[in-house]
Amino acid sequence: MGVLMDENSRVVVQGFGGAGQREAITGRNYGTNIVCGVTPGRGGQTIEGFEVLNTVREAVDKYDANVSLIFVPAPFAADAILEAADAEIPTAICITEGIPTLDMMRVKRALAGGKTRLIGPNCPGVINPAAKSRAGIMPVDVYLPGNVGVISRSGTLVYEAVDQLTRLGIGQSGSVGVGGDPIIGTSQREALELFEADPDTAAVVLIGEIGGTAEQEAAEYVKTMSKPVVAFIAGATAPPGRRMGHAGAIIAGAAGTAAAKQAALRDAGAAVVENPGDIGSTMQRVLKERGLS
Amino acid sequence: MKLHEYQAKEVLARFGVPVPKGRVARTADEAEAIAKELGGRVVIKAQAHTGARGKAGGVKVANDPAEAKKFASEIIGMTLVTHQTGPQGLPVGSVLVEEAIDIDREIYLSAAIDNSPGRPVLIASSQGGMDIEEVAEKSPEAIVKTHIDPACGFQPYQGRQLAFAVGLGGEHLNAAAALIGNVAKAFLEADASIVEINPLVVTKDGRILAADAKFSIDDNADYRQKPMFELRDRSQEAEKELEAHDAGIQNYVKLDGSIGCLVNGAGLAMATLDAIKFAGGDAANFLDIGTANNPEAVVSALKIIGSDPDVKAVLVNIFGGLARTDIIAEGTVQAIKGGHVKQPVVVRLAGTNVELGSKILDESGLDLGRADGFAEAARMAVEAAK
């Protein structure tokens with residue numbers, strides 16, 4: 001089991017340039033079934049042992065691809081996501097950063113009610129360490145198979161949290177980077193639902209950040225969960241009104257502050273970590289208290 | 001990217017949103033000439049990227065052209081300090097000279113992105129001229145919202161709905177509904193992230209006008225909004241941030257503390273500021289180096305940090321994914337050996353190619369603080385800054 005990725009995942013890489021090729025090789029070496037690349041106009045080539053096709057539809061017809069990992073540059077990324085959806089790829093994972101918000105607005109509307117779940121954009125992707133199944137850019141060495149799920153708006157904070165867990169001998173059932181943009185395909189709340197439903201997950205780390213109200217919406221769901229949640233909100237010391245790297249990380253009102261998000265999660269029963277260095281140790285304590293370690 | 005009020009009004013006017021008569025002036029003489037042209041009383045408004053300009057002395061009403069000239073000469077060149085600018089304030093390089101209007105009523109109108117549904121939302125309130133957050137808290141019933149469906153766009157009924165809700169029915173209905181629709185159109189066509197008209201006024205002679213306007217454009221849309229991005233006023237941005245921008249570093253924010261930070265990833269960069277605070281210090285900047293794929297990018301970033309007089313110690317905190325720690329290590333060594341960073345440096349590397357990265361640091365012969373965990377790295381940096 002695990003969420004979104006497993007032994008049966010067959011990954012097509014859309015945008016098979018430098019980054020796409022490098023991550024395809026890392027994924028293959030890890031044990032993931034990367035079936036081919038797609039770059040329009042480059043069909044017929046073989047690069048690093050991967051066949052390159054012209055369209056996502058061909059990747060589905062020829063290799064039965066069921067996950068698309070997207071590296072297409074920002075001005076063309078919305079088109080790439082919609083092409084994956086048209087080919088009815090069940091899971092499209094978009095790594096690309098810098099997509100205009102209004103493009104994502106149209107994409108989200110177009111995907112609503114359809115067959116494709118979008119993860120990201122501006123995200124590190126998804127991994128299932130037990131299945132050695134990875135569609136993303138995360139370093140694989142820090143992962144250890146286990147029973148803790150990790151959800152984060154930020155890529156590097158996924159690695160940080162996973163590293164802290166692994167150093168304490170706590171393995172992961174998977175990690176899902178939902179992305180740092182204002183409009184994303186799968187919310188923190190929906191990612192929590194996936195881990196709550198996953199029999200291989202016993203507890204979840206949720207890493208939010210300043211800006212928007214997605215953490216408050218996630219907190220509403222935390223109230224109903226059977227599994228414990230450890231939460232950290234990045235940006236407690238960030239000044240208001242400034243965009244902190246992520247397009248979505250800007251405090252525009254009281255609800256966008258770290259304090260408001262921490263309070264909502266605490267009220268919902270999550271163990272809220274204030275010092276980012278304490279994510280792993282807090283999960284260790286929570287697992288012990290719940291008899292899950 | 002933020003526009004000045006006068007630029008925002010020019011853009012809105014182009015989309016058919018009525019604004020008061022007036023123009024921007026860069027000298028007192030220009031202000032006098034515009035006042036003469038307009039006739040009667042005029043308002044002189046400082047152009048700076050901040051609200052609350054009136055309280056800071058940046059807005060004056062002049063009775064005649066001579067007074068307009070006098071006020072403009074006082075305001076142009078001043079440094080405007082408000083609760084939004086911080087103590088250093090913002091320079092004022094121009095004023096907007098506008099007809100003075102007799103206001104009957106003030107209304108609030110804005111367009112923004114509502115993240116969760118992933119749609120633009122138009123927000124209106126009968127309580128204009130006030131901070132909308134404050135209205136939301138004290139009288140939420142005074143606020144009405146309507147979302148734009150990306151598939152079919154803003155519909156006329158939505159404009160009527162908002163107009164009725166804020167008391168612009170009757171004789172004002174058609175004008176108000178059209179105005180609201182035009183704001184929606186401007187928002188979508190300009191790739192805006194926020195358009196705020198506060199207040200939208202009904203004048204005593206029955207006109208509806210955008211008396212003030214804020215307009216921000218999605219930075220990610222720069223490649224297709226070139227004319228908008230030409231409106232950028234660099235004088236409104238911190239010097240270090242411009243330097244970073246010119247060096248190709250997009251995600252740099254100057255802060256008040258003493259520890260310079262170079263981090264990959266926005267989340268980790270924010271968490272690093274938090275960890276520094278926990279260790280008893282304050283960061284001098286936020287800097288997300290992103291996927292630094294050449295050492296030169298790291299050297300440019302460290303030049304910016306190293307030349308900041310506020311910086312007493314530097315913390316390099318990298319968890320490599322797409323970014324490679326060996327490249328960061330190489331760039332860090334080059335920057336220090338090149339004399340660009342004279343402050344003590346603490347480096348924490350983890351993730352992609354960490355063995356190689358550590359080896360480069362080990363063999364550099366430099367006296368670097370080294371840490372495994374980033375809470376520890378933050379503590380060492382705070383210590384080194386003392």
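Per chain, numbering begins at 1; letters A, B, ... match sequence-line order.
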Response to the item:
Most contact-rich option vs chain A, by heavy-atom pairs under 4.5 angstrom, among B/Asp222, B/Leu268, B/Asp218, B/Asp274, is B/Asp274
Worksheet item: Heavy-atom distance under 4.5 Å between the side chains of B/Phe374 and A/Gln164, does that happen here?
Response: yes
Worksheet item: Is there side-chain contact between A/Asp103 and B/Arg224, with at least one heavy-atom pair below 4.5 Å?
Response: yes
Discussion item. For a 4.5 angstrom cut-off between non-hydrogen side-chain atoms, does A/Met244 reach B/Leu273?
Written reply: yes
Fill in: Heavy-atom contact with chain B under 4.5 Å, split by part of A/Asp278
neither
Practice prompt. For the pair B/Glu241 and A/Arg242, find out whether any cationic side-chain nitrogen is under 4.0 Å from an anionic carboxylate oxygen.
Written response: yes
Discussion item. Need one label for A/Thr101: side chain, backbone, both or neither, based on atoms under 4.5 Å from any heavy atom in chain B.
Written reply: both
Fill in: Test item: A/Glu217 and B/Ser116 side chains (from C-beta on) under 4.5 Å apart, heavy atoms
yes
Practice prompt. Please look at A/Glu23 and chain B and tell me whether the side chain, the backbone, both or neither of the residue comes under 4.5 angstrom of a heavy atom of that chain.
Written response: side chain
Worksheet item: Does any heavy atom of chain B fall under 4.5 Å from the side chain of A/Asn275, the backbone, both, or neither of them?
Response: both
Discussion item. Counting only non-hydrogen atoms closer than 4.5 Å, does A/Pro75 touch chain B with its backbone (N, CA, C, O), its side chain (CB onward), both, or neither?
Written reply: both
Discussion item. Quick check on A/Arg189 against chain B: is it the side chain, the backbone, both or neither that has a heavy atom closer than 4.5 Å?
Written reply: neither
